[in-house]
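Note that ligands are numbered from 1 as they come in the structure, with each ligand's atoms numbered from 1 the same way.
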Amino acid sequence: MAENKGSMKFVVILTVVVIGLIAAFVVLDNNSNSGENDTVSSGGDAPAIDGQPTIGESDAPVEIVEFGDYLCPACKVWSDQAFPLVKQDYIDTGDVNFTYINVLFHGEDSELASSAGEAVYKQDSEAFWDFSKALYEAQPEEHQEGWLTKEKIIEVAEESVPSIDTEKMNEDMDSEEIQQEVGKDDNLVKEHGVQVTPTIMINGEMVEDPFNYEEISTKIEKAIEESNE
Ligand code: CA
């Protein structure tokens, strides 16, 4: 009898241990599942925008990223025509936050322009947008080789951001810190397979034709709806 009692006790303990293990696995399993869901719902393909110039509400339901190049004529047109519409219709309303990432498709000139944008952003994150707009405006309508010089950049910075410290900007542009920021953008370009400029991504989804405002607004509306579900 004593032996039976002992083995009964053993069975009870074993059962408790097994149930405990099963419960632990279920918890672990749930955790890993919810982890996956989180990644999917927040747009697994959306570029990382930390440390990048972003305009709009930080908790806006929709995230737009522009991959642009100050040397690209199509980007000039997009900046001049499409961006103001997106800003007025969706950024100013709190539905969208908008991030700009540099693309270096035009070699050294692109690098120079990008480092200028990064240097302005470093001094005054809000002023970046005025400078960026002004630098696109400074791009000649007709193709003109060699228009972008450091002197031109400083002139544009002084006009668009009167409070800028141009001496510091000049130094920053050549600094390792700013070169790293430019390199970070270049890595994002490669990581996300950006092949044309401008490339516009809405919650990680690439817009097929950035000059079709209907496509842009349809995708934004859809993303807003999905965020309400
Ligand atoms: Ca950047």
With a 3.5 Å cut-off and sequence neighbours excluded, list the donor-acceptor pairs that the side chains of residues 216-227 form with protein atoms.
from	atom 1	to	atom 2	distance (Å)
Ser217	OG	Tyr213	O	3.1
Ser217	OG	Glu214	O	3.2
Thr218	OG1	Glu214	O	2.6
Lys219	NZ	Glu215	OE2	2.7
Glu221	OE2	Tyr90	OH	2.7
Ser227	OG	Ile224	O	2.6

| request: Determine, for Lys152 against Glu155, whether the closest basic-nitrogen to carboxylate-oxygen distance falls under 4.0 angstrom. | output: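 Salt bridge flag = yes for Glu155 with Lys152.
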Tell me which donor-acceptor pairs under 3.5 Å the side chains of residues 56-64 have, and how far apart each pair is, sequence neighbours excluded?
none

| query | Using a distance threshold of 3.0 Å, what protein N/O/S atoms lie below it relative to the Ca ion (ligand 1)? | reply |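 Those protein N, O or S atoms (cut-off: under 3.0 Å from the Ca ion (ligand 1)) are Gln52 OE1, Glu118 OE2, Asp185 OD1, Asp185 OD2.
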| Which ILVMFWY residues can you reach from Val196 by hopping between side chains whose heavy atoms are under 4.5 Å apart? |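 None, because no other hydrophobic side chain comes under 4.5 Å of this residue.
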| request: Evaluate the ring planes of Phe98 and Trp129, with Trp represented by its six-membered ring, and classify them as parallel (under 30°), tilted (30 to 60°) or perpendicular (over 60°). | output: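 Rings of Phe98 and Trp129: perpendicular, over 60°.
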| task | Kindly say whether the aromatic ring centers of Tyr70 and Tyr100 come within a distance under 6.0 Å. | result |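 Centroid separation for Tyr70 and Tyr100: below 6.0 Å.
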